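Structure first, commentary second.
Residue numbering restarts at 1 for every chain, and letters A, B, ... go by the order of the sequence lines. Note that the structure is predicted; figures quoted are calculated from it, not measured.
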2 protein chains.
Amino acid sequence: MTRPPPPSTEDLRAAILGGALAVDDRLLPERTLADRLGISRSRLRAILDDLAREGLIFRRHGQGTFLQPPPAQASERFGVLARRVSPGDLMEVRLELEPALAAYAAERGSPEDKARLLRLMENTLRAPDLAGYERADDIFHYKIAEMSGNPVFLTLFEEIRSLRQAAEWTRARQTALGPEEIAENSIQHGAIANAICAGAARAARRAMRLHLQKVEASLLKSLP
Amino acid sequence: MTRPPPPSTEDLRAAILGGALAVDDRLLPERTLADRLGISRSRLRAILDDLAREGLIFRRHGQGTFLQPPPAQASERFGVLARRVSPGDLMEVRLELEPALAAYAAERGSPEDKARLLRLMENTLRAPDLAGYERADDIFHYKIAEMSGNPVFLTLFEEIRSLRQAAEWTRARQTALGPEEIAENSIQHGAIANAICAGAARAARRAMRLHLQKVEASLLKSLP
DNA sequence: TGGCGCAACCAATTTTGAATTGGTGTCTAT
DNA sequence: ATAGACACCAATTCAAAATTGGTTGCGCCA
């Protein structure tokens, strides 16, 4: 009785990223995943370490491993708050927080992170459909928050991100995204990414502010 | 057998605010408190309503009634985060958030709230000792966050406030507060309050930024 | 009639403990 | 030496019970 040959690392990476082993952007637990792939947990973790270092997956201690930025902790907590929050409230906060994130990312992001940010920006250009664009856009903004190098900033960003997803009026935003608006967004994303990569903190702050003001305008336009 | 006369409302208010019926700035539960004071819960709640409207106590649904601004929800959650947060991280975030809070408070605070804010500012001047000053200062900043009229801003403010109290290096700050520093703080508090009461959003933002920069400087000076 | 006391119920939060899940070290075999 | 297997640690989630402020309705009585 012969054992099947061990699968190649490349095959394993593809299988993990493929999404067939994930439920709602969340991968199966490591133990289950290793069993399913027919490898040991230690080898799986080595592969996951690489993927996480490359920014292709997101891991959180007691929470899981994700193909998208993970939800904020105890996100059910925001259910009550989300009800009394208006789109304007949320955009006000984003307009104060995210420009600062961009500025600090420009100052403190490592060269590797900056190169990765450029690739994430390009991903938004290549998005095949609206859903794909939203995913790429989400990761792009998340990466900037991560690059700020301040765990408090990152935590607050995750919370308003969860809040936005918990609010009902989020659906209205999708209908507001036409092709020309996506094109304009992409130009602004490019300006943000370039400023961050150049280490130009003030320019990055300004580019992010302009971007969010545009998002706010198109969001308010699509609501009563 | 005669019943004792019902206590006067004024006595009850004094008893509640006195602190003898509170544990660590948190009042006893309403049911217990009513029993202890020998009045019904409905009358107690009427008195508490008044006190809350005057800003002398703080109530939170499933949490309790407090003599100081209440802690953020599930504050134990921040225990993990507090460990890897430096004073610099926290001041960075405060410098982005609180100036915005002051600006929105100037724009949207009601005349009653603005009058109340002035009284809170005066309370910091009359503080008898260091502990009293810290309490008054805490309430002053909290009131500004409340006046911003944005529940998301208020929530984020409460979280960084809890984070600050959870961090260990908070104690170092007290030793850093000398009489001349308190005097300078008071001048800046006055500038903030005046700008907010005048409805001058930009001036309020600037005054708060200057104040926090000064706090940051004296904080970093007192730490290794 | 209006205020007060009383009771029951609703809603938001905390607390507690078990279960889940990523993180880390150790031991073995080849 | 390296990969696998196992035990244990740490952070989180989940569910159920308990706590606590919020609300309503009823009765009493001066």
Side-chain angles (χ1 to χ4, degrees), chain A residues 3 5-9 12 16 21-24 26-49 51-53 57-66 70-84 151 155 158 162, chain B residues 3-9 12 16 21-24 26-53 57-67 70-84 151 155 158-159 162:
Chain A
R3 212 180 309 177
S8 79
T9 300
L12 291 169
I16 293 170
L21 297 169
V23 179
D24 207 33
R26 168 178 163 168
L27 286 174
L28 300 173
E30 289 185 353
R31 295 163 175 84
T32 311
L33 202 54
D35 192 44
R36 196 73 66 88
L37 291 173
I39 61 178
S40 75
R41 195 179 160 207
S42 40
R43 185 173 174 204
L44 170 65
R45 278 184 59 78
I47 295 174
L48 291 179
D49 283 344
L51 291 174
R53 208 173 306 113
I57 61 173
F58 304 82
R59 290 202 280 190
R60 202 72 68 90
H61 198 143
Q63 214 168 4
T65 305
F66 302 82
Q73 302 171 349
S75 56
E76 290 310 315
R77 177 89 35 196
F78 299 102
V80 188
L81 180 57
R83 276 180 240 154
R84 49 179 171 172
T155 299
E158 286 174 8
S162 292
Chain B
R3 212 181 310 177
S8 79
T9 300
L12 291 169
I16 293 169
L21 296 170
V23 179
D24 208 33
R26 170 179 163 168
L27 285 174
L28 299 173
E30 289 185 352
R31 294 162 177 85
T32 311
L33 202 53
D35 193 44
R36 196 72 65 90
L37 292 172
I39 60 178
S40 75
R41 197 181 156 207
S42 42
R43 187 174 172 206
L44 170 65
R45 278 186 58 78
I47 295 173
L48 291 179
D49 284 344
D50 286 339
L51 290 175
R53 208 173 306 115
I57 62 173
F58 305 82
R59 290 201 280 190
R60 200 73 67 98
H61 198 143
Q63 215 167 6
T65 305
F66 302 82
L67 299 175
Q73 302 171 351
S75 57
E76 289 311 315
R77 177 89 37 195
F78 298 101
V80 187
L81 180 57
R83 278 180 239 156
R84 50 179 171 173
T155 300
E158 286 174 7
E159 291 181 351
S162 292

Q. Are B/Ser42 and C/dG3 close enough that a side-chain N or O sits under 4.0 Å from OP1 or OP2?
A. no

Q) Quick one: A/Ile39 CD1 to D/dG4 C1', roughly how many Å, whole number? A) 11 Å

**Q.** Length of the line joining B/Arg36:CZ and D/dT20:P, which is rounded to integer Å
**A.** 13 Å

Q.
I need the CG-C1' distance between A/Leu12 and D/dG4, as an integer number of Å.
A. 15 Å

**Q.** B/Leu27 CG to B/Leu48 CG distance, which is reported to the nearest 0.5 Å
**A.** 7.0 Å

Q.
Nearest whole Å is fine: how far is C/dG22 P from A/Asp35 CG?
A. 14 Å

Q: Answer yes or no: is there a side-chain heavy-atom contact under 4.5 Å between A/Arg43 and A/Leu12?
A: yes

Q) Side chain of A/Glu30: nearest nucleotide among D/dT20, D/dT23, C/dG22? A) C/dG22

Q. Within the side chain of B/Gln63, is there an N or O that forms a donor-acceptor pair under 3.5 Å with the backbone of B/Pro71?
A. yes

Q: Indicate yes or no: at least one non-hydrogen side-chain atom of B/Asp50 is less than 4.5 angstrom from one of B/Thr9.
A: no

Q. Quick one: which of D/dT20, C/dT21, C/dG22 gets closest to the side chain of B/Pro29?
A. D/dT20

Q) In Å and rounded to the nearest 0.5 Å, what is the OG1 to CZ distance from A/Thr65 to A/Arg60? A) 11.0 Å

Q: Check whether any side-chain heavy atom of A/Thr155 lies under 4.5 Å from a side-chain heavy atom of B/Glu159, and answer yes or no.
A: no

Q. Out of curiosity, B/Ile39 CD1 to B/Leu44 CG, how far, rounded to the nearest 0.5 Å?
A. 5.0 Å

Q. Choosing from C/dC6, D/dG21, C/dT24, which nucleotide comes nearest the side chain of B/Ser40?
A. C/dC6

Q | Validation row: B/Leu21, B/Leu37 side chains within 4.5 angstrom (heavy atoms) | A | yes

Identify all pairs in which a protein N or O lies below 3.5 Å from an N or O of nucleotides 17-19 of chain C, and state each distance.
none

(Q) If I take atom CZ in residue B/Arg45 and atom C1' in nucleotide C/dC6, what distance separates them, rounded to the nearest angstrom? (A) 15 Å

Q. What integer distance in Å separates A/Arg53:CZ from C/dG23:P?
A. 12 Å

Q) Under the ring-ring contact (aromatic ring centres under 6.0 Å, His included) test, which residues partner B/Phe66, sequence neighbours left out? A) none

**Q.** Upstream residue (5' side of DNA chain D) when A/Arg26 and B/Arg59 are each assigned their closest nucleotide
**A.** A/Arg26

Q: Determine, for nucleotides 7-13 of chain C in 5'-to-3' order, which nucleotides have protein heavy atoms under 4.0 Å from the base (write B), from only the sugar-phosphate (write S), or from neither (write -).
A: -BB-BBS

Q: Rounded to the nearest angstrom, tell me the gap between atom CG in B/Leu44 and atom P in C/dC4.
A: 13 Å

Q) Roughly how many Å is it from CG in A/Leu48 to P in C/dG22, rounded to a whole number? A) 9 Å

